[in-house]
Each structure stands twice: as structure tokens, then as C-alpha cells.
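Here the structure is laid out as C-alpha cells; the discussion comes afterwards.
Note that the structure is a prediction, hence the values are computed from the model and not measured.
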Amino acid sequence: MTFFIREVATLQARVIMLVDLDYFFAQCEERRNPSLKDKPVVVCVYSGRSEDSGAVSTANYIARKYGVTSGIPIFLAKKKLKKDAVFLPMDHEFYEEVSGKIMRILRSHADFFEQVGIDEAYLDVSQKVKGSFEEAKELAQKIKEEVKAQQKLTCSIGIGPNKLVAKIAADIQKPDGLTIVKHEQVESFLSPLPVSRLIGVGRKTKKKMQTLGIRTIGDLAKYDVQRLIEVFGKKLGIYFHNASIGVDDESVQERGEVESISRISTLKGDTRDLKVIVEKANQLCDEVHAKLVQRELGFKSVGIVAVMVDMSVRSRSRTFENPTNELEVLKKTVKELFEKFLNESELEARRVGVKVSNFVKEQERQKQITNFIGLAKN
DNA sequence: CCCTCGATCAC
DNA sequence: CCTCATATCGAGGG
């Protein structure tokens, strides 16, 4: 019997790490210019409406002390900081380059690897550490040292029996943190934490749970699953229940290709003038199309999105019978979608976006065409 | 099963 | 005054 249990344990028990690069964009800027290190650093997305319009992407911890966090308007960040703060525009290419080098280091230490966004990755290290959390801790320290030595950046690492716990653990101590939660600690670790720590619980869901008397993950664990399903739907209800008791069997797997490519941009001024909107949309089409070419993809679906003056978000889309890769088709479709949309809407638009999806590898698309011509001939 | 669209989350 | 990009879910309709 003991034998059997041990078998099960070696087959199933996992050791998962979540590595999170600390205040990534701002830390990249500090690395490039170390004189920034003792100042508040705020990396911004400028929207171009006015001098300081736009939002904060990432701020270093000095800036955060003053209440400057991701997503707040730039002008507000300036009001909070005043003097010696440094405001910088995003340099996405640079961050991608740094990220790529670090991800290669992380991948080399994992049995299975999954990058999540530009600054996060899950590592399944079960085999590497032979199921030992003690060894996992040593490996994590080694990884932190290596990233520091080779790329001059700090990161925070969470270790747990699954992705869910590892992710929350990584958030506990940062920057430059290391938090380990073993199986037997999962319940006591999770239960006092607010539900908002769970992936999938944002502003709206937190509010909804609050009205149900659910504040902590422990509260959620005690709540009836059937009720959760009634309130949040089947998929989410079951997910929330399992998450609340630290259960998660999602595997760590390399992410496949992206399934949509989109660009959105803020207009100089609010408008519902088709010409103005199409002009901006065409720029976005160019950018989206460049990505498509780069990835050698054709697309079957085209979508537009408009953020209206009241910040409500509207979208329209169209799916073709056959995939295409032509920029002109994209632009024409986008124009038609906006034209139709404007007829159905009263409000002025503040931001507009373009999206393509339903990809077909260009090679496959060409093959289809060749086949079709072949058939027609016979 | 596919399409469309809004909502939500989180980067 | 309030960025950007991607994924996922559910509802509604076919």
C-alpha cells in the first residue's frame, strides 16, 4: 500500500515555479541608465492627445511609494511625484530583447516551460529537483543569481505544487523575493488572502463576490459550489471552487502561436468622422499586416473596436469564406465595418482598433489555392 | 459547430 | 484625464 501511494506521488506530485521579472520595463530602464536607480522611474504609454495624456505602464518601487501604479494617468503620476522623477516612453523593442535573453536562461532550467507575457514564466521543475521543494529552493536561488549576473535584473519567484499556488506565492514577496508553499501549507497559505489574489478575480468579480459575503479565499472555499456555478457560470464556478482550495492541474506547456493580432490607438480628438477614423485605422492595418507578413500568416476574420467617449467598448467583425493575406482586403473590410458601425452608433469615438484572427499558415493557404486551381482545370 | 458581440481580466 | 494586446467565456443566433 505504501508502495502504491509513493508511486502515485512520484507520478503526480509536481514542483512548479513562477518567475516574475520585477517592475520589468522600469528595471530595464534602470539597467540601461543606472543613474535612475535612486529616482522614481515611470515608464509611460503616451497617447498623443496632449503633452501628458496617456497612462503609466510600469513604475519602479520608489515611484510606487508615492502611489504611482500601472494604469493611472500620466498627469496624475506627475502630480504625485513632482521634482526629480523620470518619465520615459515605452521602448518595447528593448524590453523584448532583454526578455528574450532572460527567457532563454529560465527555459534552460525547466523540464517544461511556459512564457506568460513579456515578464513572466512558469517552470515545471519536478524532474529537475526530483520532487523536492528544498532542491527547488536552491534551484530558484541559482536562477536568480544567474539572471542577476548575466542580465543585471532581479526577479521574484514563487514555488508551489501547481501554477495557481506558484503564481500567488510569487506575489507575496517582491521585488527580489522567493516564496515557497508546500502541499501541506497550501490551505493555510491561501485561506487568509483576499480573493483578488486569484487569477480571474478582477474588479468586477471581486465586487460580485463581496455581495455574496466572500472576501477571502477561505470564504470562497466554504461557499457552495452549486451557488458559485449559478452566479458565475459553469466553467468559472468550478474554477473558483478548485482555486479556493489550491487545486489546479493545468500543465506547464509552451504557448502555441498567437490566435489574434490587434492594434489600438487613441485618436487626436473624439470624432465620428469616417475619414478621420479610417485614416487612423489604415495606420493600424499597416502595423497589423506587417506582423502577419513577419509570421507568414493569412487571416479569415477581421475585427474593429471602438472605445467611445463614455469609455464603453464596441466591436464588429467579419469572417470570410476563404483566408487572405492582402493588406488591401484588410483595409477595405475595416473601412466597411467602421462605416456600418458609425451608422449604428450615436457617440463619438475616442480610440479605434483593428484585429485579425482565424489564422491560416500562408503555406497552407497557397496550397489550398493551388489545389483549387487544379480542381477547376479538371 | 461556427459566427458575432459584449464583458472581464490582466499585461 | 483614463494605454495596449491577447485570451476566454457566455449568450444569442444560425
Side-chain angles (χ1 to χ4, degrees), chain A residues 20-21 23-26 42-59 69-80 87-92 95-96 99 114-121 167 171 195-209 229-240 243 250 255-267 269-270 284 287-288 291 300-321 337 340-341 344-345 350-359:
Chain A
D20 186 328
L21 304 175
Y23 61 104
F24 184 54
F25 297 167
V42 186
V43 177
C44 304
V45 182
Y46 290 96
S47 65
R49 290 209 139 189
S50 61
E51 176 78 6
D52 283 339
S53 65
V56 171
S57 175
T58 317
T69 54
S70 297
I72 72 167
I74 295 167
F75 85 93
L76 227 169
K78 293 211 167 171
K79 204 154 66 179
K80 286 174 183 287
F87 288 79
L88 299 166
M90 291 252 282
D91 183 352
H92 212 271
Y95 312 143
E96 285 286 357
S99 167
E114 179 176 351
Q115 185 175 341
V116 182
I118 195 168
D119 64 349
E120 265 184 39
K167 168 83 179 169
D171 266 334
V195 286
S196 53
R197 292 279 191 157
L198 295 173
I199 279 190
V201 180
R203 205 169 60 86
K204 301 280 189 176
T205 307
K206 182 183 176 181
K207 198 104 185 215
K208 217 160 159 187
M209 286 184 176
I229 293 173
E230 283 167 30
V231 177
F232 297 103
K234 191 171 175 189
K235 192 101 178 189
L236 266 185
I238 291 172
Y239 164 72
F240 286 145
E250 289 300 304
R255 294 266 166 120
E257 310 290 308
V258 292
E259 294 189 1
S260 68
I261 296 172
S262 61
R263 285 289 178 278
I264 186 167
S265 177
T266 303
L267 296 160
D270 301 335
L284 302 176
E287 294 175 26
V288 165
K291 279 273 179 196
K300 268 178 66 183
S301 299
V302 174
I304 60 158
V305 57
V307 180
M308 312 310 286
V309 277
D310 65 352
M311 286 303 200
S312 61
V313 180
R314 298 295 143 89
S315 64
R316 292 291 182 273
S317 64
R318 180 186 303 168
T319 300
F320 309 130
E321 289 280 335
L337 286 169
K340 183 152 105 34
F341 168 72
E344 298 164 1
S345 165
R350 176 191 174 83
R351 310 171 63 206
V352 293
V354 170
K355 171 165 99 166
V356 291
S357 56
N358 246 313
F359 296 139

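For dG6(B), the paired base is dC9(C) (Watson-Crick or G-U wobble, both distances below 3.5 Å). Taking a pair to require two hydrogen-bonding distances under 3.5 Å in either a Watson-Crick or a G-U wobble arrangement, dC1(B) pairs with dG14(C). Using the Watson-Crick or G-U wobble rule with both distances under 3.5 Å, dC4(C) pairs with nothing in any strand shown.
Side chain to side chain, Ser53(A) and Ser47(A) meet the donor-acceptor criterion of an N or O pair below 3.5 Å.
Nearest to the side chain of Ser315(A), among dC1(C), dG6(B), dT6(C), sits dG6(B).
In terms of phosphate contacts, Arg263(A) brings a side-chain nitrogen or oxygen within less than 4.0 Å of OP1 or OP2 of dA5(C). At dC3(B), none of the side-chain N or O atoms of Ser301(A) fall inside 4.0 Å of OP1 or OP2 (strictly under the cut-off). For Arg351(A), no side-chain nitrogen or oxygen approaches OP1 or OP2 of dC2(C) to under 4.0 Å.
Among the heavy atoms of the strands lying under 4.0 Å from Leu198(A) are primed sugar atoms or P, OP1, OP2 only; no base atom is included. Contacts of Ser265(A) with the nucleic acid, taken as non-hydrogen atoms under 4.0 Å apart, involve only primed sugar atoms and P, OP1 or OP2. As judged by a 4.0 angstrom heavy-atom cut-off over every strand, Lys234(A) is placed among residues touching the sugar-phosphate backbone only. Thr205(A) comes within 4.0 angstrom of sugar-phosphate atoms only, judged by non-hydrogen atoms across all strands, and of no base. Using a 4.0 Å heavy-atom criterion, one finds that Ile199(A) contacts the sugar-phosphate atoms exclusively. Among the heavy atoms of the strands, none lies under 4.0 Å from Lys78(A).
A salt bridge links Glu344(A) with Arg316(A): the closest approach of a Lys/Arg side-chain nitrogen to an acidic carboxylate oxygen falls below 4.0 angstrom.
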